[in-house]
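Worksheet: one structure, shown below.
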Amino acid sequence: MDDISQKITIPYRAFSLILSLMVIIINSSETREKFSMPLKVFLVFWFILIIRIFYDTNLRTDVRIDDTTQLWLYIFGIILPLVFSIIKSFKYINLRFALNAILTICASILIVTLFSNQALFVGDVDEGRQNANIALNTITFGHLGVTTVIIGLFKLGDKELSKYIKFIIILIIAIGFFAMLRAGSRGPFFALGVVLFFWIFSKGSNFLKGLLIVLLFFSIIIIFIDPILEFIGYISPLMEDRVRLSIYEGDSSERAPLYAAAINHFLNNPILGSRFALFENVGVYDGNGTFIYSHNIILDAFMGMGLVGGFSMLYFLFKALKICYINIGFDDYSFWISLVLVQQITSDMLSGAFYYDPLLSALLVFHFLYYNSKKRDELSFN
């Protein structure tokens, strides 16, 4: 099955790499704008992370990792070329075109996947989570649905759209929401909630008003939590069951041992960090020559690079979220990207790894460059 998937994914990755390199070459003569401090910290973080990974995988004798080829391909073949291509060309990115293209592509993927995999319509609690197809696991498929919902809701705010187009977008949003629930993964579900709350919070005329509005909505959800969960159950009994476990029993899908192991490794060497990933048996995972991330990018940063790496990540993530808050609050035409960034940060806080997520690095770099290029007096970064 992996061979079938790789016939699609490997050429796609190769195409992405070629595209990134072409963008870098075409824009090689562009004058580099002055980097903001968050972007500098982000790039230094990546440099230190690469040193950490190289040391752990090539120089240490107390751990054994059989194969790191895929990891290095992600770093040098996907993420870093993408980052530098955005640095060289971000001023030429057509955000309105990108918005329409991404919404169309997401909707197309969801429709084809849903109607080619009938199990997504008939699955129940006992069957457990199901991959959408060979190339889309439950988490990825769920987040695809969330992205579709977010961008669709943003697009509905366009006053120039006809009623016919708005009706189509509402159908697309419904398909995205259905796909997110049928995926059965809780991460995308909670990410959608975080994005919507952040959106509402940022739209408040000031910090206090935004906070009060969020608290009001949160209170309403708490009061009507059971009817909401029952509604979810009509679409996806599995999702209802898993969300109830999270809310009422604190179930974390066996994340707790991973979190505990990451914290212990940080405490063993809080200054320089201990390791970029978990190599040993942590109760739910047997290393056996491979590695697993803690499923939380901040814990990974503290575990791998100590206080310096952990606080560096906290710094540039905070600055990125502040930019998102400003973009949404000022109704900037790019704030749909900010919503997707909030989704991606939430996703990697629940089940992701920084060195395996090209989208997070791309969105962070874009936000730092985009904001630094804005010359409006009403925006203040300090």
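One-based numbering along the sequence shown.
The side-chain heavy atoms of S85 and F90, taken from C-beta on, include no pair separated by under 4.5 Å. When side chains are defined from C-beta on, M37 counts as touching Y315, because their heavy atoms get closer than 4.5 Å. Between F197 and I221, some side-chain heavy-atom pair lies under the 4.5 Å cut-off. Residues R13 and Y74 meet the side-chain proximity criterion, which asks for heavy atoms closer than 4.5 Å. The shortest distance between side-chain heavy atoms of L229 and I225 falls below 4.5 Å. Here the side chains of L307 and F266 are in contact, with some heavy-atom distance below 4.5 Å. Between I65 and T290, every side-chain heavy-atom pair lies at or beyond the 4.5 Å cut-off. Counting heavy atoms from C-beta on, the side chains of I87 and F84 come closer than 4.5 Å.
Note that the CD1 atom of I172 and the CD1 atom of I111 stand 6.5 Å from one another [nearest 0.5 Å]. Distance check, rounded to the nearest 0.5 Å: CG of L341 to CZ of F335 gives 14.0 Å. One finds the OH atom of Y259 at 15.0 Å from the CG atom of N264 (value rounded to the nearest 0.5 Å). The CG atom of D56 lies 10.5 Å from the CZ atom of F291; values are rounded to the nearest 0.5 Å. Note that CZ of R275 and CG of D300 are 12.5 Å apart. Values are rounded to the nearest 0.5 Å. For the atom pair CG of L59 and CD1 of I51, the computed distance is 11.0 Å after rounding to the nearest 0.5 Å.
Remark: the backbone N or O of G184 is paired with a side-chain donor or acceptor of R242 at under 3.5 angstrom. For the pair T68 (side chain) and L71 (backbone), a donor-acceptor distance under 3.5 Å is absent.
Residues I75 and P81 share a closest heavy-atom pair of O-CD, 4.0 Å. C324 and F198 make their closest contact through CB-CE2, 3.8 Å (heavy atoms, listed as atom of the first residue, atom of the second, distance). Closest approach of R186 and V243 over heavy atoms only: CD-N, 4.0 Å. Across all non-hydrogen atoms, the minimal contact from R182 to P237 is NH1-CD, 3.9 Å. Among all heavy-atom pairs drawn from S334 and Y370, the shortest one is OG-CE2, 3.2 Å. Here the closest non-hydrogen pair linking F368 and P38 is CE2-CB, 3.5 Å.
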Report the C-alpha separation of L339 and L153 in whole Å, then their side-chain angles, then the decisive distance to 0.1 Å, and conclude whether the side-chain contact (heavy atoms from CB on, under 4.5 Å) test is met.
CA-CA 11 Å; L339 297 173; L153 290 173; over 6 Å; no

Please report the C-alpha distance between R244 and D226 in whole Å, then the side-chain angles of each, then the deciding distance to 0.1 Å, and finally whether the salt bridge (charged side-chain N to carboxylate O under 4.0 Å, His left out) criterion is met.
CA-CA 9 Å; R244 285 187 182 276; D226 283 326; 3.4 Å; yes

Apply the test side-chain contact (heavy atoms from CB on, under 4.5 Å) to residues D158 and L161: give CA-CA distance (whole Å), side-chain angles for both, the deciding distance (0.1 Å), then the verdict.
CA-CA 6 Å; D158 188 346; L161 294 180; 3.7 Å; yes

Intermediate values then yes/no, side-chain contact (heavy atoms from CB on, under 4.5 Å), L360 and I297:
CA-CA 11 Å; L360 177 62; I297 55 174; 4.0 Å; yes

May I have the step-by-step check of side-chain contact (heavy atoms from CB on, under 4.5 Å) for N327 and I323, ending in yes or no?
CA-CA 6 Å; N327 282 346; I323 295 172; 3.8 Å; yes

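Applying side chain to side chain contact (heavy atoms under 4.5 Å, CB included) to M349 and the options N296, L299, V194 leaves one that passes, N296.
A continuous path of hydrophobic side-chain contacts links I165 to I102 [ILVMFWY only; heavy atoms under 4.5 Å]. By the rule that hydrophobic residues join a cluster once side-chain heavy atoms approach within less than 4.5 Å of another member, L369 and Y92 end up as members of separate clusters. Placement of F231 and L196 within a single hydrophobic cluster is found when ILVMFWY residues are connected by side-chain heavy-atom separations under 4.5 Å, directly or transitively. The hydrophobic cluster containing L314 also contains L39, counting ILVMFWY residues as joined when their side-chain heavy atoms lie under 4.5 angstrom apart, directly or transitively. Under the 4.5 Å side-chain heavy-atom criterion for grouping Ile, Leu, Val, Met, Phe, Trp and Tyr, I170 is connected to Y164 within one hydrophobic cluster.
Side-chain rings of F354 and F45 approach one another, their centers coming within less than 6.0 Å. With ring centers used as reference points, F276 lies under 6.0 Å from Y355. Aromatic rings of F311 and F302 (six-membered ring for Trp) have centroids within the 6.0 Å cut-off, being under it. In summary, the aromatic rings of F154 and W199 are positioned with their centroids too far apart to meet the 6.0 Å limit. Remark: aromatic rings of F201 and Y325 are close, center separation under 6.0 Å.
Within 6.0 Å of atom CD1 in I8, 12 or fewer heavy atoms from other residues, nucleotides or ligands are found, so the atom counts as exposed in its surroundings.
Between W72 and F76, the angle of the ring planes stays under 30°, which puts this pair in the parallel group of the 30/60° scheme.
A cation-pi arrangement is present between R96 and Y333, with the terminal nitrogen or guanidinium carbon under 6.0 Å from the aromatic centre and inside a 45° cone about the axis.
Inspection of the S89 and N27 side chains reveals no N or O donor paired with an N or O acceptor under 3.5 Å. In this structure, a donor-acceptor pair under 3.5 Å is absent between the side chains of S274 and N269.
Listed by first and then second residue, the side chain to side chain donor-acceptor pair (under 3.5 Å) pairs involving residues 342-352 are H143-Q343, H143-S347, T147-Q343, Q344-D357 (not counting sequence neighbours).
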